[in-house]
Q: 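Next up is a structure, given as structure tokens.
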Amino acid sequence: MEEELTLFYEDATEQLQLMENALLDAKDGTDDIEKIGEIFRAMHTIKGTAGMFEFDNIVSFTHIAENLLDDVRCGNTKLDATLSSLFMNVKDNTQNMVECCVNNQDFSEELTSQTQNLQIELSSFLNEPITIDNQIIEVEEKAVSNEDELLWHISLRFDEDFFNSGMDIISIFRFFNKMGEILINIPITSSIPNLENINCFKTYIGFEFDFESDCSKDDILEIFEFVEDDVDLFVFKHNDIDSLLTLLTHRENENLKEVLIENCSYNEESFEIQQTPAIQEEIKQEIIEVKTPSTQVTINNETIKEESKVNPEITNKSFSLRVDSSKVDLLINKMGEMVIQNAKLMQIAEQNADEDLEEVSEGISLLLEEIREAVMNIRMVQVKDSFVKFKRIVNDTAKKLGKDIDFIIEGGDTELDKSVVEKLSDPLVHMLRNSIDHGVEMPEVREQKGKKAKGTVYLRAYPDSGSIIIEIQDDGAGINKNIVLQKAIENGVVDKNHKLSDKQIYKLIFEAGLSTAEEVSDISGRGVGMDVVKRNIEELRGVIDVDSSENKGSKITIRLPLTLAIIDGFLVQAGETKYIIPLDLISECMELTPECQTSIEGSSTINVRGEVLPLLDIRSFYNEKVINEIRKNVVIVKYGNYKVGLQVDELFGGQQTVIKPLGEIFENVPGISGGSILGTGDVALIFDIPRLLEYRIKQGE
């Protein structure tokens with residue numbers, strides 16, 4: 001049951017997030033039927049699944065919300081700004097109810113009171129009276145004078161593998177009893193095999209029953225929404241004789257007529273209505289549409305055979321599968337161990353000069369590469385699913401500050417490692433709030449400057465040179481570099497005599513305790529946060545940069561690696577230590593001739609075909625011992641708009657690299673992001689290229 005509740009919680013949370021996104025798009029009101037449909041489906045789906053778990057309080061609450069949304073859908077009520085705001089409160093309240101029910105917690109007095117108030121407010125738009133009984137509000141059922149209009153006949157057969165759907169038959173009947181009353185229920189047992197042939201995991205039983213309710217056919221079909229492929233279902237009004245005859249023809253092998261006359265409220269005359277040719281043709285067509293793969297039926301001694309027309313697009317359709325993230329992490333860890341073990345195998349093959357073993361090892365390497373890519377893709381997700389959650393934060397923050405913000409998401413289909421996305425959430429929230437609070441001006445101030453009263457904040461993502469770029473940009477006042485510099489001098493961050501470029505001044509906002517806010521609010525202004533943002537980004541092996549233009553706005557750029565687990569690396573050596581450079585950051589490798597070595601001796605730059613690049617001697621940088629009779633090489637690395645040459649001793653070539661943490665002892669070693677175990681069992685250090693480039697560029701400034 002715990003697993004089913006987890007799935008219910010995940011599904012409900014996902015539906016509520018979709019509802020919130022649609023409501024934020026419609027916060028000023030909308031006639032967009034697609035947005036309205038998204039909001040309606042969220043309430044409808046949660047009501048259905050909550051009913052399966054007997055969460056009656058959620059069912060009754062979402063039912064009245066669904067009724068009002070149905071009115072909106074039908075055009076009887078307009079989704080204006082007031083109603084949109086109300087449904088946002090409904091969404092939040094539903095989330096709280098779901099969390100309480102899943103955790104088996106009683107509703108607090110506050111939640112109970114809020115639920116009742118919202119139901120009263122929702123019912124006021126429906127112009128329907130409600131009654132309050134034991135703190136549960138229900139919409140009174142409309143009286144229906146014609147009893148025939150209340151009576152339905154349901155014919156239900158289950159697929160043999162129905163139990164594999166995760167649902168149970170009792171839950172279905174329980175839901176029927178919540179919507180009305182089952183008057184007669186006849187089990188159909190003709191498909192049950194002999195005792196020795198019974199499989200306890202198969203479903204053999206069916207039901208014919210009369211059901212009394214004022215609900216619609218769509219309401220009844222919704223009960224089976226999650227198992228529609230696992231049931232054979234007929235639903236029609238009890239007095240709909242044409243549908244009754246269609247049912248008999250469809251179930252011609254069950255002698256159903258006698259069962260219905262004997263047990264249900266039908267008589268012999270019900271089946272003796274003369275059918276016109278038009279009705280017969282209509283029944284034939286209904287049966288052809290109902291039957292699946294290859295079937296044949298008989299109507300008035302005429303055999304109809306309909307071969308299935310399989311749509312290749314349907315057969316090739318892919319489906320989403322919910323998998324616990326810990327299982328994927330375990331798979332990736334085991335994949336990493338396989339990569340390490342295969343490296344050892346290749347090492348042994350080379351040492352023993354065993355050609356057959358080398359061939360096998362190379363084949364395994366290719367397979368591992370394919371498997372590695374497939375496994376890593378499992379954890380790659382589109383960033384839009386996380387980005388859309390920020391709409392609410394932007395909307396609520398802007399509303400609290402009295403500002404009007406147009407929040408635009410671009411590049412939502414960009415993919416990034418799920419673990420990176422999760423760790424990125426808090427830094428993005430902080431920076432978005434800063435853009436709204438510090439960046440975008442108040443509407444009246446913007447108008448005085450000749451701007452539109454509504455400000456704009458962009459959140460975009462796109463791939464670039466083996467990395468993912470995430471940008472937060474606003475069209476606000478920009479960063480006042482004079483104020484930033486003055487604050488930094490007052491706080492002792494920089495010396496007043498030190499000359500800084502605009503770029504260096506803007507980066508001072510990431511220093512701890514430095515804030516340019518004139519007033520402290522409950523949103524920002526205490527100088528706490530941007531230093532943490534920078535640290536969090538660096539922990540993801542990323543870099544953060546900022547650009548600004550006074551009265552035009554600011555842009556914060558984050559550059560991140562695609563994944564944190566396994567990379568394609570390039571093995572080099574400097575002194576006695578082996579290092580790994582991420583392969584996708586390498587532009588080219590150069591072997592230095594004696595003449596080249598002489599020309600760069602003691603120099604901090606290197607001339608590459610007329611282009612002068614900064615040069616960083618790795619051996620000197622890490623105080624490595626000098627090994628005699630070695631070659632000198634330069635690896636040109638590029639990150640963003642920067643290029644630097646790394647001088648090393650030897651080049652060994654590319655290899656798959658499993659990134660391992662190095663522990664606290666290496667925390668303060670500049671330019672190192674982790675380690676990897678080689679086939680020899682040795683440890684190679686993985687370069688943090690952004691940090692190295694940053695260090696070298698600062699040296700040259």
Side-chain angles (χ1 to χ4, degrees), residues 9-50 58-99 111 114-126 382-410 412 425 428-429 432-433 436 454-459:
Y9 178 76
E10 290 176 353
D11 182 66
T13 301
E14 181 179 340
Q15 292 296 328
L16 290 170
Q17 184 61 55
L18 292 172
M19 179 179 181
E20 180 178 285
N21 297 339
L23 285 169
L24 288 170
D25 290 339
K27 63 181 180 180
D28 297 324
T30 185
D31 295 322
D32 188 336
I33 194 64
E34 185 176 338
K35 295 295 179 188
I36 294 170
E38 289 176 6
I39 302 167
F40 174 85
R41 284 192 296 275
M43 286 288 96
H44 161 68
T45 301
I46 292 172
K47 186 188 83 170
T49 52
I58 297 179
V59 172
S60 60
F61 179 68
T62 53
H63 177 68
I64 189 172
E66 182 188 35
N67 284 348
L68 180 52
L69 284 165
D70 192 39
D71 261 17
V72 174
R73 226 174 27 153
C74 296
N76 300 328
T77 305
K78 181 175 175 58
L79 185 63
D80 56 14
T82 300
L83 201 55
S84 180
S85 178
L86 172 60
F87 277 118
M88 187 66 82
N89 293 333
V90 168
K91 175 263 169 188
D92 291 340
N93 196 75
T94 305
Q95 182 76 58
N96 293 334
M97 295 175 76
V98 167
E99 289 176 358
L111 179 57
Q114 186 175 354
T115 301
Q116 292 180 355
N117 292 336
L118 285 172
Q119 286 180 295
I120 292 171
E121 195 171 353
L122 288 166
S123 67
S124 67
F125 287 89
L126 289 165
Q382 291 188 343
V383 296
K384 68 178 179 182
D385 294 332
S386 295
F387 280 10
V388 292
K389 296 178 182 178
F390 299 133
K391 284 185 175 182
R392 180 71 180 276
I393 293 169
V394 171
N395 181 73
D396 291 351
T397 303
K399 188 175 181 181
K400 191 168 189 177
L401 293 170
K403 298 180 180 181
D404 196 4
I405 302 291
D406 188 12
F407 183 50
I408 300 174
I409 295 174
E410 297 177 349
S425 179
L428 287 179
V429 167
L432 284 169
R433 283 178 170 161
I436 299 166
K454 177 183 282 191
T456 305
V457 174
Y458 292 90
L459 177 59

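Computed from a predicted structure; not experimentally measured.
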Q: Under a 4.0 Å N-O cut-off, is there an ion pair linking Asp396 with Lys399?
A: no

Q: With the side chain counted from C-beta on, respond yes when Leu122 and Val90 share a heavy-atom pair under 4.5 Å apart, and no when they do not.
A: yes

Q: Looking only at heavy atoms, what is the nearest atom pair of Arg41 and Gln15, with distance?
A: O-OE1, 4.2 Å

Q: Report the residues that fulfil salt bridge (Lys or Arg N to Asp or Glu O under 4.0 Å) with Glu99, sequence neighbours left out, ordered by chain and then residue number.
A: none

Q: Could you tell me which non-hydrogen atom of Phe387 sits nearest to which non-hydrogen atom of Leu428, and how far apart they are?
A: CE1-CD1, 3.9 Å

Q: Measure across Lys47 and Val59 and return the closest heavy-atom pair with its distance rounded to 0.1 Å.
A: O-CG2, 3.7 Å

Q: Where is the tightest heavy-atom contact between Thr30 and Asp32, given as atom of each residue plus distance?
A: OG1-N, 2.9 Å

Q: Here's a test for you: under salt bridge (charged side-chain N to carboxylate O under 4.0 Å, His left out), which of Lys91, Lys27, Lys35 qualifies with Glu20?
A: Lys91

Q: Which atom names give the shortest non-hydrogen contact between Met97 and Thr115, and what distance separates them?
A: SD-OG1, 4.0 Å

Q: Parallel, tilted or perpendicular, judged at 30° and 60°: which one describes the rings of His44 and Phe40?
A: parallel

Q: Using modelled atom types and a 3.5 Å cut-off, is there a donor and acceptor pairing between side-chain atoms of Ser85 and backbone atoms of Ala81?
A: no

Q: Run the side-chain contact (heavy atoms from CB on, under 4.5 Å) test on Asp11 and Thr45 for me, step by step, so that the C-alpha distance in whole Å, both residues' side-chain angles and the decisive distance to 0.1 Å come before the verdict.
A: CA-CA 9 Å; Asp11 182 66; Thr45 301; 3.8 Å; yes

Q: Decide yes or no on side chain to side chain donor-acceptor pair (under 3.5 Å) for Glu121 and Asn117, but give the supporting numbers first.
A: CA-CA 6 Å; Glu121 195 171 353; Asn117 292 336; over 6 Å; no

Q: Quick one: salt bridge (Lys or Arg N to Asp or Glu O under 4.0 Å) partners of Glu38, sequence neighbours excluded?
A: none

